[in-house]
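For reference, the structure is listed below as structure tokens.
Chain letters run A, B, ... following the sequence lines, proteins first and then strands; every chain starts at 1. These numbers come from a predicted model, not from an experiment.
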There are 2 protein chains.
Amino acid sequence: MTETISDPIDTKQGLVTKQSLLDAAEALIAERGVAGASLRAITTRAGTNLAAANYHFGSKQALARAVIARHLQPINSERLRLLDEAEAASGDAGPSLETLVGIFVGPVVRFGRELPDGGRHFAQICGRAMTQPDPMLRESLLGELAEAIRRFRAAFSRALPELSPEELLWRIQFMVGTMAHTIAGSQMIEAVHGDELDTRDLDSLVDRLVRFLCGGLSAPMEVSQS
Amino acid sequence: MTETISDPIDTKQGLVTKQSLLDAAEALIAERGVAGASLRAITTRAGTNLAAANYHFGSKQALARAVIARHLQPINSERLRLLDEAEAASGDAGPSLETLVGIFVGPVVRFGRELPDGGRHFAQICGRAMTQPDPMLRESLLGELAEAIRRFRAAFSRALPELSPEELLWRIQFMVGTMAHTIAGSQMIEAVHGDELDTRDLDSLVDRLVRFLCGGLSAPMEVSQS
DNA sequence: GTCTATATGGGGATAGAC
DNA sequence: GTCTATCCCCATATAGAC
């Protein structure tokens, strides 16, 4: 029963501290923003101290980057894996628009399901990150996203052959914006419409988003006269 | 030629200082975010000092609120005025979907045209504000928006009678998100796609946005089998 | 790996002279 | 209305003992 607190065979305690810091940072950054979440508050919540955070991450900014990367990397891998599968299954025609949008949107919205907070904190941070003032954070996020965007751009261009490359790029931008704003938290919905909407039913949220985005992405270039 | 620097008949000098502070705050908040733009930096850029800012606005938060309200109020008045006009002109049927979306999106995107910076700073702040961590700022923005949202919700429900109230509300939320993210600045587009897109041609941007949003708002509830 | 204590700098707000 | 000087608090990061 030797209580090997810091057994050299593993660094279990170190990993636990790191995890606690990431969890605390995630919650506080979601609540107060990157600038508003002080290392003091984060380390207190994590049950450690300033020195530990700098020992494990080197700086506050690096901690913030780690918070984003921790979940975003698996999400993007999942997206690319699903895209590969769909492309293999669909032959020469390529996956349908609905399939592509579902693959792009689904993992982000649904990913947090098994997390203790349902992924709400991460989703909020991630949705805000793209318009974040701090350029380092933005670039860190965009770096993770770049490959996925390129892959999806090619796939969308097959599913929407009538769009010019420029128009397609704009529509992808609009799609990302819709998604980002949705997962960043619908403060507006709750504020303006009270509790009319259930923001917790993620499955039907994904369905609604996919419908809306498919309609927007496939909109005709000429305004209908109906 | 009595140089009445502080003539009691008007408070011109005070107004100039106030304006400079708003201009400086707008630029710096757009660049660095609310938390990142210190009053010291703002007042230096405005050519004054800390005390002046607190004299005119009372606090940093109030200054930030004033920055948003200064342009948002005219934008929302314009939106409501255009909506009134369109409703009067369209009779019982109500304005078309395209008309409504154009009225909702146009003023925000186009408003800054006559501003010295083309409205870019304000647009960026405004697009970020809805997902801002600071609750006071968010609520201030939502307060300005609430009436417009309610009016447009009623108008959209006439133009899209086949949608359930809940689905319509979600789609409005998606629309606002697309718009907010678009005006918040397309860091993504520039980062991922280089200079492939022209982010300065506001007229065609509005056209593209309206097309996309009309497609999304009017998307059928059942996924097409095509 | 973890902690206490501290170095160093910057923040918002205000008092009081002009 | 404007400014200088200052109060007081909080931030990040690190040194050095354990």
Q. Taking for each residue the nucleotide of DNA chain D bearing the nearest heavy atom, is the 5' side occupied by A:Ala35 or by B:Gly14?
A. B:Gly14
**Q.** Cationic N near anionic O, under 4.0 Å, A:Asp203 to A:Arg113
**A.** yes
Q.
Under 4.0 Å, heavy atom to any atom of DNA chain C: which of residues 17-25 of chain B qualify?
A. none
Q) Does a donor on one side chain sit under 3.5 Å from an acceptor on the other, for B:Asp201 and B:Ser204? A) yes
Q: Using a strict 4.0 Å threshold on nitrogen-to-oxygen distance, state whether A:Arg151 and A:Glu87 make a salt bridge.
A: yes
Q) Regarding A:Thr178 and B:Thr178, is there a side-chain donor-to-acceptor distance under 3.5 Å anywhere? A) yes
Q. Rounded to whole angstroms, how far apart are CZ on B:Arg40 and P on D:dC7?
A. 13 Å
Q: Measure from the side chain of A:Gln13, starting at C-beta and using heavy atoms only, and say which of C:dT14, C:dT2, C:dG11 lies closest.
A: C:dT2
Q: Using the six-membered ring wherever Trp is involved, compare the ring planes of A:Phe111 and A:His71 and label them parallel, tilted or perpendicular (cut-offs 30° and 60°).
A: tilted
(Q) For DNA chain D, which residues of residues 51-69 of chain A approach it to below 4.0 angstrom with any heavy atom? (A) A:Ala51, A:Asn54, A:Ser59, A:Lys60
Q. Within less than 4.0 Å of OP1 or OP2 of C:dG10, is there a side-chain N or O belonging to B:Ser38?
A. no
Q) Atom CG of A:Asn49 and atom C1' of D:dA15: how far apart are they, to the nearest Å? A) 14 Å
**Q.** Interatomic distance, B:Leu39 CG vs D:dC8 P [rounded to whole Å]
**A.** 20 Å
**Q.** Lys/Arg-Asp/Glu bridge criterion (N-O < 4.0 Å) met for A:Arg208, B:Glu166
**A.** yes
(Q) Tell me the interatomic distance from A:Leu50, atom CG, to C:dG1, atom P, rounded to whole angstroms. (A) 19 Å
Q) Between atom CD of B:Gln132 and atom CZ of B:Arg128, what is the distance when rounded to the nearest 0.5 Å? A) 7.0 Å
Q) Does the ring of B:Phe104 carry B:Arg79 above it, NZ/CZ under 6.0 angstrom from centre and within 45° of its axis? A) yes
Q.
Could you tell me how far apart A:Lys12 (NZ) and C:dT2 (P) are, to the nearest whole angstrom?
A. 13 Å
**Q.** Donor-acceptor side-chain pairing of B:Asn76 and B:Glu147 below 3.5 angstrom
**A.** no
